Structures are given as C-alpha cells and as structure tokens.
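What follows is one structure encoded as structure tokens, with my remarks underneath.
Start at 1 and go down the list; that is how both ligands and their atoms are numbered. Computed from a predicted structure; not experimentally measured.
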Amino acid sequence: MRDQISKLIKEIKETAVTGQEELEKYRLRFISRKGVMNTLFEEMKKVPNEKKKEMGQMLNELKQTAQEKFKTLIVSLEVEKKDTGADFMDLTLPPSSSELGSIHPITQTRNRIVSIFEKIGFNVSEGPEIEDDWHNFSALNFPPNHPAREMQDTFFVEKDPDIALRTHTSSVQVRVMENQKPPIRTLSPGRVFRNEAISARSHCIFHQVEGLYVNENVSFADLKQTIYYFVTEMFGKNTEVRFRPSYFPFTEPSAEVDISCFICGGEGCNICKHSGWVEIMGCGMVDPNVLTNCGIDPEKYTGFAFGMGIERITMLKYQISDIRLFTENDIRFLKQFQRLNY
Ligand code: DAH
C-alpha cells in the first residue's frame with residue numbers, strides 16, 4: 001500500500017492538465033469519492049493496527065497533494081478563460097439599450113397627404129425619375145422654347161436632350177392618362193430634380209405630390225372643394241384658402257393656392273413675409289391639349305390637377321427654416337419627428 005500511495009503522488013505531480021476536459025478526468029480519478037481515494041480508504045480497513053497511523057498520514061498527504069493541485073488548476077484555467085473571453089459572459093449585467101429609429105419627416109408628410117386623398121377615392125401612382133422630353137414637357141403642352149427646358153433648370157442625362165431627370169411629378173399624369181381610361185383619380189408622390197443652387201430655401205433634389213382627377217363634367221368648383229377639404233384636414237378647420245390666378249402650360253385656367261398664415265393667424269409674421277398668406281400649391285383645369293396628347297377626348301372629359309412640394313408643406317407646418325436639414329441626417333433634427341405628429 002505504501003508503494004501504491006507513493007506511485008499515486010508521483011502520478012499526481014506529473015499529470016498535465018491543460019483544459020476543462022482533462023480537469024474533469026483529473027477530478028474523477030483523484031478527488032471524486034468514486035476515484036482511487038475510495039479504493040485506498042477501503043484498503044485502510046485491512047491494515048493492521050500498528051501500521052494504521054503511518055498509513056493514515058501517507059493517505060492524508062496523498063489527499064492534500066491531490067486537492068491542492070486541483071485548486072491551483074481551477075484558478076489557472078479560470079484566468080485563461082477570462083483572458084480569451086471565449087466562454088465568459090456576465091449574465092447579470094443589464095442589456096445595453098439600442099437607439100430607436102423613426103420615420104423621416106418627408107415620408108410622414110407624404111403618408112399624411114396620401115391618406116387624406118385616399119379617403120376621397122384617390123389611388124397612388126408612380127413613374128420613373130429619369131424621364132423623356134415627351135412625358136416631362138411636350139405632352140404637358142410646354143412650347144419648344146419654354147425656359148423650363150433650359151439647361152439651367154433641367155438635369156439632362158449624358159447630354160441627350162431627350163432624356164432628363166424629371167423636374168416635376170406632373171410627368172406621372174401623362175403616364176397615367178396614356179394607360180388608363182377615365183374616371184381617373186390619382187395621386188403621384190415622388191422625387192424631383194432641378195439644376196438649382198442649394199440654399200436654405202431651395203434644393204436641387206426635393207419631393208412633390210401631383211394630383212389628377214379626370215371624368216365627365218369635372219369643374220373648377222370640384223377642384224376648389226377638393227382643395228378646401230385637403231387644407232382643412234392638413235392645416236385645421238379655421239384655415240382660410242384663396243385662389244390666385246396664375247399660369248402653367250398644362251392647365252387652363254390655372255391658379256396658385258394660398259392659405260391664411262397659421263403662425264400669426266393672418267396678422268403678418270416672418271413665415272408669411274408679413275402678408276398674412278402662405279402659398280402651398282399650384283393647380284388648374286387640365287388643358288384640353290394635354291388630354292388630347294394623352295389619348296383622352298377633351299369633348300367628353302374634363303379634369304383638374306394640382307401639385308405641391310412636400311418639403312414646403314413640412315417646413316410650413318413645423319416652422320423649419322432651412323430645407324437642407326431634410327438631407328443632412330442630423331440626428332438632433334430627426335429626433336424631433338420621432339413621434340407621429342399628424
Ligand atoms: N408641376 C408644377 C411645378 O412643378 C406644379 C403644378 C402646378 C402641378 C399646377 C399641377 C398644376 O398639376 O395643375 O411647379
């Protein structure tokens with residue numbers, strides 16, 4: 001038995017443990033109740049009384065050696081685990097919070113406009129941002145030398161005078177009328193491009209919503225009533241509306257729509273430039289030439305159209321003084337629109 005114990009002490013000292021699996025093997029053999037210790041303690045019972053003291057001491061020495069090495073191994077392997085970070089995770093720590101995103105103010109305004117018109121039967125149609133001259137200008141009754149076609153207003157694609165980035169969403173009315181029979185009630189939101197210097201008031205990329213209604217017996221009274229409805233929904237019941245005669249090649253007669261300034265209530269302030277009114281859109285009765293260009297009989301059908309800038313509506317509603325804020329992605333600006341305000 002003495003030899004057996006000496007051999008085991010030697011074995012313990014020589015056993016190399018480098019990982020968790022080997023540590024467990026070590027534990028089962030030298031520490032566990034079912035390991036070698038158990039067998040030795042059983043044998044102890046058979047040892048004659050006069051030798052018991054000596055054997056007992058050796059056995060204790062063996063036990064201590066085994067346990068001390070076990071403790072050291074646990075500590076060193078634990079340190080290693082932490083060093084690599086592989087298996088170490090403190091599950092008691094609170095989770096780190098993630099930032100909540102929100103819908104861009106331009107998208108919020110677009111969605112609000114669409115939902116107002118959807119209630120009175122308008123659907124949504126879209127067209128390409130890269131357009132040909134026909135859909136952006138010619139079909140809309142722009143004369144060949146109209147200033148809007150000039151290089152300083154329009155971004156042409158690769159110097160091809162026939163292809164350009166659309167300068168307004170009115171191009172979508174042409175596409176809809178070419179492909180659908182009246183009655184047509186459609187709203188076309190989208191991005192438009194103009195070759196303009198970027199400043200607080202204008203940008204070369206912005207958004208518009210175009211509206212179009214074509215049917216038998218559509219009158220200017222229908223247009224006015226539709227605009228009144230929109231203004232009430234968007235800006236509130238007490239907002240006043242006025243129509244100012246204007247000119248667009250694709251509508252006859254044409255008008256611009258002003259609303260009473262909702263900041264000063266018509267008294268005069270910076271937003272309305274002390275006039276008491278702010279302009280929100282252009283509109284008019286679809287010119288018979290446009291209907292003909294799109295394959296719709298102007299003797300049978302009439303229609304109205306309107307167009308507004310989404311940035312402009314949003315700037316008025318939220319008193320935003322610089323259009324560049326919409327595209328700068330400044331989180332301090334965007335955070336103010338986190339909750340849907342419409
Ligand atoms: N297309 C015009 C623009 O970009 C806006 C517009 C005015 C649209 C009058 C219309 C309209 O449909 O009838 O300035």
Checklist entry - What orientation do Phe337 and Tyr318 show, parallel under 30°, tilted 30 to 60°, or perpendicular over 60°? => result perpendicular
Checklist entry - Among side-chain atoms of Glu22 and Thr18, is any donor-acceptor pair under 3.5 angstrom? => result yes
Return a table of donor-acceptor pairs under 3.5 angstrom between the side chains of residues 245-252 and protein atoms on other chains or two or more places apart.
residue	atom	partner	partner atom	Å
Ser246	OG	Glu256	OE1	3.0
Thr251	OG1	Ser254	OG	2.7

Next on the checklist: Once side chain to side chain donor-acceptor pair (under 3.5 Å) is applied, do any residues pair with Asp330, and if so which ones, sequence neighbours excluded?
Outcome noted: Arg332
Could you list, one pair per line, each nitrogen or oxygen of ligand 1 together with any protein nitrogen or oxygen closer than 3.5 Å, giving atom names and the distance rounded to 0.1 Å?
residue	atom	partner	partner atom	Å
ligand 1	1 (N)	His168	ND1	3.0
ligand 1	1 (N)	Ser170	OG	3.0
ligand 1	4 (O)	Arg194	NH2	2.9
ligand 1	4 (O)	Gln208	NE2	2.9
ligand 1	12 (O)	Glu210	OE2	2.5
ligand 1	12 (O)	Phe306	N	3.4
ligand 1	12 (O)	Phe306	O	3.4
ligand 1	13 (O)	Ala305	O	3.2

Checklist entry - Are Phe306 and Phe230 close enough that their ring centres sit under 6.0 Å apart? => result no
Which atom pairs, donor and acceptor, lie under 3.5 Å between side-chain atoms of residues 274-282 and protein residues at least two apart or in another chain?
residue	atom	partner	partner atom	Å
Ser275	OG	Cys272	O	2.8
Ser275	OG	Trp277	N	3.1
Ser275	OG	Trp277	O	3.0

